[in-house]
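Here is the structure we will look at, set down as structure tokens.
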Amino acid sequence: MSILWVILGFVLLVVGGEFLVRSSVALSFKFKISKMVIGMTVVSFATSAPELLVSIQAALSGSSAIAINNVIGSNIANIGLVLGVTALVGNIAVDKSFYRLNWPVMMIFSMVLYYFLKNDGVLSGLEGGMLFLALIVFLFILIKKGKKGNVEDVDDTLEKVSNFKIVLWLLIGAAALYFGSEWLVEGSKDIARSVGVSEAVIGVSLIAVGTSVPELAASVIAAAKQEKAISLGNLIGSNIFNIASVLGITSIIKPITITEPLILSNDIFWMLGFSFILIPLIILPKRLQISRMKGFFLVLAYGIFMILIFSRR
């Protein structure tokens, strides 16, 4: 029964996320917001909604390990699984802005998160607020520079949607995300107890992969069609949002306490490692390209990570 709840939870999160993105973009058009700003702010926040609801639900239900490892695992999966598998389908070109702005910012956010957690074992509301404020500053800089961001993800047809549809989509999205996150967290906790693994393991593996499935599917399809809808910059942006908005907002609502030591002594270092390795990957041997061989390396590393996660306890 627990597996059924997890599956239903995943389905509702996908459906809810899609409806929330569509309604948010349509509503933004109503307020005459530019496509660039919509792509870089509204879409980014909306696509982080599944992770946000899962982390909030986990924190409120007393499962801090799931709340924090949902983000750590998602960030690892975005690079190791999503980027790796997508590169196996077709080579990915890397924009120079990656190492000039996006990658340094992601590493700064990751290191600051580690410092906050290592300092006292708690991500407090004040620290979460600082992360979220830093995200707003980062977005302001991006908009100021006039970077494109996720503009290609903004659907022009949503510019002419009725107010009734927007409200209906918002209600469907909100309800699906609420129940999906609740069922996913509760089902995952039951699975963790029944198979004898910790909630941290479930959070960094099952839940993290589940919330990354929509991105993986979209990326592989785009790569197969030789479209440019997937970029390294978008995945890095997702990782930044996961830390700053998902954990930031969650900790503001309820401080996140580290209940399992291995999160700080193991899991977060995997996240930092996957993030750091991107620099040598895009420099050697061919600059500004993630080749199939590099993609295979990322998927292999992710596979090793998963094996070690499930065998450690």
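Because only heavy atoms are used, hydrogens play no part in the values below, and waters and symmetry mates are left out as well, while side chains stay in.
Between Val185 and Val54 there is a side-chain heavy-atom pair separated by less than 4.5 Å. Side-chain contact between Ile240 and Phe138 is present, with heavy atoms from C-beta onward closer than 4.5 Å.
Minimum interatomic distance between Pro255 and Ser124 (heavy atoms only, all atoms of both residues): CB-CA, 4.3 Å. In this structure, Leu52 and Ser245 approach most closely via the heavy-atom pair CD1-O, 4.0 Å. Nearest heavy-atom pair across Ile166 and Leu27 is CD1-N, 4.0 Å. Between Ile66 and Lys189, the closest heavy-atom pair is CD1-CG, 3.7 Å.
Within 6.0 Å of NZ on Lys30 lie more than 12 heavy atoms contributed by other residues, nucleotides or ligands. The neighbour count for Ile136 CD1, taken as heavy atoms of other residues, nucleotides or ligands under 6.0 Å away, is above 12. Under a cut-off of 6.0 angstrom, the local environment of CE in Met130 is sparse, with at most 12 non-hydrogen atoms contributed by other residues, nucleotides or ligands.
Ile172 is linked by a side chain to side chain contact (heavy atoms under 4.5 Å, CB included) to Phe19, Leu168, counting only residues two or more places apart in sequence or in another chain. The ring-ring contact (aromatic ring centres under 6.0 Å, His included) check on Phe269 picks up Tyr114, with sequence neighbours excluded.
A side-chain N or O of Asn70 and one of Ser55 form a donor-acceptor pair less than 3.5 Å apart. Side chains of Asn91 and Ser291: no donor on one and acceptor on the other come within 3.5 Å.
The distance from atom CD1 of Ile268 to atom CD1 of Ile263, rounded to the nearest 0.5 Å, is 9.0 Å. Between atom CG of residue Leu13 and atom CG of residue Leu177 there is a gap of 6.0 Å, rounded to the nearest 0.5 Å. Interatomic distance, CD1 of Ile277 versus CG of Leu272, reported as 12.5 Å (0.5 Å rounding). The CZ atom of Phe109 sits 6.5 Å away from the CG atom of Leu131 when rounded to the nearest 0.5 Å.
Of the options Ile79, Val82, Ile76, a side chain to side chain contact (heavy atoms under 4.5 Å, CB included) to Tyr302 is made by Ile76 and by none of the others.
Using bins of under 30°, 30° to 60° and over 60° for the plane-to-plane angle, the ring pair Phe305/Phe274 lands in the perpendicular bin.
Without hydrogens or angle criteria, Arg292 side chain to Val89 main chain gives a donor-acceptor distance under 3.5 Å. The main-chain N or O of Tyr178 is found under 3.5 Å from a side-chain atom of Ser181 such that the two form a donor-acceptor pair. Within the 3.5 Å criterion, the main-chain N or O of Ile236 finds no donor-acceptor partner in the side chain of Trp103. A side-chain donor-acceptor contact under 3.5 Å links Ser28 to the backbone of Ser24. Side-chain atoms of Lys254 do not come within 3.5 Å of backbone N or O of Ser61 as any donor-acceptor pair.
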